[in-house]
J.: 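Pasting in a structure now, in structure tokens, and then I'll have a few things to ask.
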Amino acid sequence: MGIFEYAPAPESRDIANLKDHYRPFIGGEFVDGSGEPLKTINPATEEILAEVGTASVSDVDTAVKAARKAYDTVWSKMPGSERAKYLFRIARLIQERSRELAVLESLDNGKPIKESRDSDVPTAAAHFFYHAGWADKLDYAGYGPNPKPLGVAGQVIPWNFPLLMLAWKIAPALATGNTVVLKPAETTPLTALVFAEICQQAELPPGVVNILPGAGDIGAALVEHGDVDKIAFTGSTEVGKLIQRTVAGTRKKLTLELGGKAANVVFDDAPLDQAVEGIVNGIFFNQGHVCCAGSRLLVQESVAEEVMEKLRYRVSTLRMGDPLDKNTDIGAINSAEQLAKIRGLVESGDAEGAQRWTSPCPVPDRGFFFAPTVFSDVHQSMRIAREEIFGPVLSVLTFRTPDEAVAKANNTPYGLSAGIWTEKGSRILWMANKLRAGVVWANTFNRFDPAAPFGGYQESGFGREGGRTGLEGYLDV
């Protein structure tokens, strides 16, 4: 069966309403940051998209003071039913500007437009809708009769899901009565600053949300600030450890959602065609830039050859190219730095004796691209089986018995997610209870809902985001 040929179907970049210059958002206004401006680039073309004014340490202090004032005078005193109205407005505005946000996200991040359009932006709006519903029901959330907000939340988000991670952080913080100072990733600040425009459109009281573009020093200053009551961080395990050391011994509450090396386990009775689709989605969605990606595939020996044959064929049909083309499956790697890390780990797989297969898809001449890659004959001691690659690279191991599958799946310092593919419900429940992972998917992968808590164990962090459980991290209970 041949591969369908698709005519180009590019989304217009004009929809993004891209500006030449963006500024930090403090106290309800866009202000000139006193940090060094940065240039944000399109990873698919390496062209400069815009200049972004950045914050300095003094701007962090100004933003925290604005958030504290808003907390003390307005937001914490406002009835939950009134706070809910603001969250509902924000959700509706995200929907109204969804096409603009999706195109801007793909330009700045490099992900395919169909992912930002169909997944990231709708789920971001859903988080605000969902948490709007909790704002006036906190007394009934199971945390006692009078749960209180913490105060000012400092939030630091990564570059892989810029708008969605913002929603995961800001929606529960606002619903529970806290105010926010958020630092977006250095390479992907644009949708966060458009979200600041949405806050103005929603007439959110000044200072309730503050957005500070900048590099790691701004995130560090926010974490260290003495008047911040809560830190929420999503990012690398290494930075998460630094943050935990910084806040140790202080009164700050902390939520960390860090790296992962998830096992996607396929038993011999699994629906193999369905499993292959789940495997592809689990590792190649968003170019593998997913902390819960199914980057370790564990296949029962008796079906390993069949699964590999089906997998190679399916991966060979994935289309790599312009992220704004609606037919694109694999977009650009977010930065040259990340591309170099992926290449280094792939080279280690070659050196340690794993068998590499790379999709024959054409790779664009410009931009940061890496073709989907599958390693077989992988052993647990290899770096590609132990370290988070954070790219479109899959490591395949085999097992014979369910107990061996559990042992290999748990043989990792991480514990964020896992997948199980089998027709036996009893086996799913048995294995889910034995896996050390915060989220376990059964016969699917990468399914998210604002009502479902998400988080990890071990070096994947602690605390939960989403659902009733996620509210606790922003409440004094």
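Computation of the quantities below employed the complete heavy-atom set of this structure, encompassing side-chain atoms and omitting hydrogens, waters and symmetry-equivalent molecules. Predicted model, so just to flag it, every value in this text is computed and none were measured.
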J.: Could you verify whether a donor N or O on one side chain and an acceptor N or O on the other, from Arg97 and Gln201, lie under 3.5 Å apart?
T.: yes
J.: Do Trp168 and His127 come within less than 4.5 Å of each other through their side chains, counting heavy atoms only?
T.: yes
J.: More than 12 heavy atoms of other residues, nucleotides or ligands under 6.0 Å from CZ of Arg92: is that the case?
T.: no
J.: Give a yes or no on whether a salt bridge exists between Glu197 and Lys19, defined as a side-chain N under 4.0 angstrom from a carboxylate O.
T.: yes
J.: More than 12 heavy atoms of other residues, nucleotides or ligands under 6.0 Å from NZ of Lys65: is that the case?
T.: no
J.: In terms of heavy-atom contacts, does CZ of Arg99 have more than 12 from other residues, nucleotides or ligands at under 6.0 Å?
T.: no
J.: Flag the pair Glu105 and Arg117 as a salt bridge only when some basic side-chain nitrogen lies within less than 4.0 angstrom of an acidic carboxylate oxygen.
T.: no
J.: Please determine whether the number of non-hydrogen atoms from other residues, nucleotides or ligands lying under 6.0 Å from atom NZ of Lys341 exceeds 12.
T.: yes
J.: Which residue pairs pass the ring-ring contact (aromatic ring centres under 6.0 Å, His included) test when at least one of the two sits in residues 184-207, sequence neighbours left out?
T.: Phe128-Phe195
J.: So, using ring-ring contact (aromatic ring centres under 6.0 Å, His included) as the criterion, who are the partners of His289 when residues are at least two apart?
T.: Trp159, Phe390
J.: So do the side chains of Phe462 and Tyr457 get within less than 4.5 Å of each other, counting heavy atoms only?
T.: no
J.: What do you reckon, is CZ of Arg251 surrounded by more than 12 foreign heavy atoms closer than 6.0 Å?
T.: yes
J.: Taking the ring of Trp134 and the ring of Tyr140, is the distance between their centroids below 6.0 Å?
T.: no
J.: State, yes or no, whether a side-chain contact exists between Ile157 and Lys183 at a heavy-atom distance under 4.5 Å.
T.: no
J.: Whether the side chain of Asn264 engages the backbone of Leu297 through a donor-acceptor N/O pair (distance < 3.5 Å, no angle test) should be reported.
T.: no
J.: Under the criterion side-chain contact (heavy atoms from CB on, under 4.5 Å), which of Lys261, Arg296, Arg386, Gln458 is the partner of Tyr414?
T.: Lys261
J.: Under 3.5 Å, which donor-acceptor pairs do the side chains of residues 202-223 form with other protein atoms, sequence neighbours left out?
T.:
unit_1	atom_1	unit_2	atom_2	d
Asn210	OD1	Gly27	N	2.8
Asn210	ND2	Val180	O	3.1
Asn210	ND2	Gly207	O	2.9

J.: Are Asp108 and Thr191 side-chain neighbours, meaning at least one heavy-atom pair lies under 4.5 Å?
T.: no
